[in-house]
Amino acid sequence: ESTVSIIVLDLPRTLPNLKLFDEEGAFFNQLRLLLQTWTFFRPDVGYVQGMSYVAAMLLLHVSGTYKSFEVFCNLMIRHHLLALFRVELETTRAHVFDVWDQAFTATIPDVYSHMK
């Protein structure tokens with residue numbers, strides 16, 4: 001119940017210039033539903049400040065609340081965002097360095113091989 005109240009407090013702070021996620025906004029209820037569903041789906045994690053930005057971007061770019069929730073769950077579970085929101089530093093650090101290596105290798109391989 002306290003998590004639900006935190007979500008409702010956080011929503012108007014999500015991309016406030018767009019006015020889409022405040023109580024009068026077109027996406028307020030969808031964002032609230034998505035985040036509340038997440039907290040029931042993963043009570044061990046619950047809602048963490050910042051998740052609303054990820055969910056908001058999905059609602060703006062993915063068709064439908066259910067599909068947005070599905071993508072949100074996959075991002076959290078399969079793509080290491082869960083470790084970031086749980087503040088699992090070792091997992092997050094390993095993933096960040098892996099992404100860094102991939103990006104560095106793809107864009108400037110000569111510099112990467114010299115620095116390695």
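Note that the structure is predicted; figures quoted are calculated from it, not measured. Starting from 1, each residue takes its place in the sequence as its number.
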If we check side chain to side chain contact (heavy atoms under 4.5 Å, CB included) with Ser52, which of these qualifies: Ile7, Thr14, Leu34? Thr14
Apply side chain to side chain donor-acceptor pair (under 3.5 Å) to Asn29 and list each qualifying residue two or more places apart in sequence or on a separate chain. Arg32
Sequence neighbours excluded, which residues qualify as side-chain contact (heavy atoms from CB on, under 4.5 Å) partners of Leu58? Val54, Val62, Ser68, Val71, Phe72, Leu75
Heavy-atom closest contact (Gly50 atom, Tyr47 atom, distance): N-OH, 4.0 Å
Test side chain to side chain donor-acceptor pair (under 3.5 Å) applied to Lys67 - qualifying residues, sequence neighbours left out: Glu70
A side-chain contact here means heavy atoms from C-beta on lying under 4.5 Å apart; do Arg42 and Ile77 qualify? yes
Among the clusters formed by ILVMFWY side chains lying less than 4.5 Å apart, do Val4 and Leu33 turn up in the same one? no
Take atom OH of Tyr53 as the centre, draw a 6.0 Å sphere, and report whether it contains more than 12 heavy atoms from other residues, nucleotides or ligands. yes
Checking Phe27 now: which residues fulfil ring pair (Phe, Tyr, Trp, His ring centres under 6.0 Å) with it, not counting sequence neighbours? Phe21
Do Leu60 and Leu18 come within less than 4.5 Å of each other through their side chains, counting heavy atoms only? yes
Thr39: partners by side chain to side chain donor-acceptor pair (under 3.5 Å), with sequence neighbours left out: none
Note, Leu15 side chain near Met57 side chain (heavy atom, < 4.5 Å): yes
Report the distance from atom CG of Leu20 to atom CG of Leu59, rounding to the nearest 0.5 Å. 10.0 Å
Rounding to 0.5 Å, atoms CG (Asp10) and CG (Leu31) come to a distance of 9.5 Å
Under the side-chain hydrogen bond (donor to acceptor under 3.5 Å, both in side chains) definition, can you give me all pairs with a residue in residues 56-65, not counting sequence neighbours? Gln30-Thr65
Is any side-chain heavy atom of Phe69 closer than 4.5 Å to one of Trp38? yes
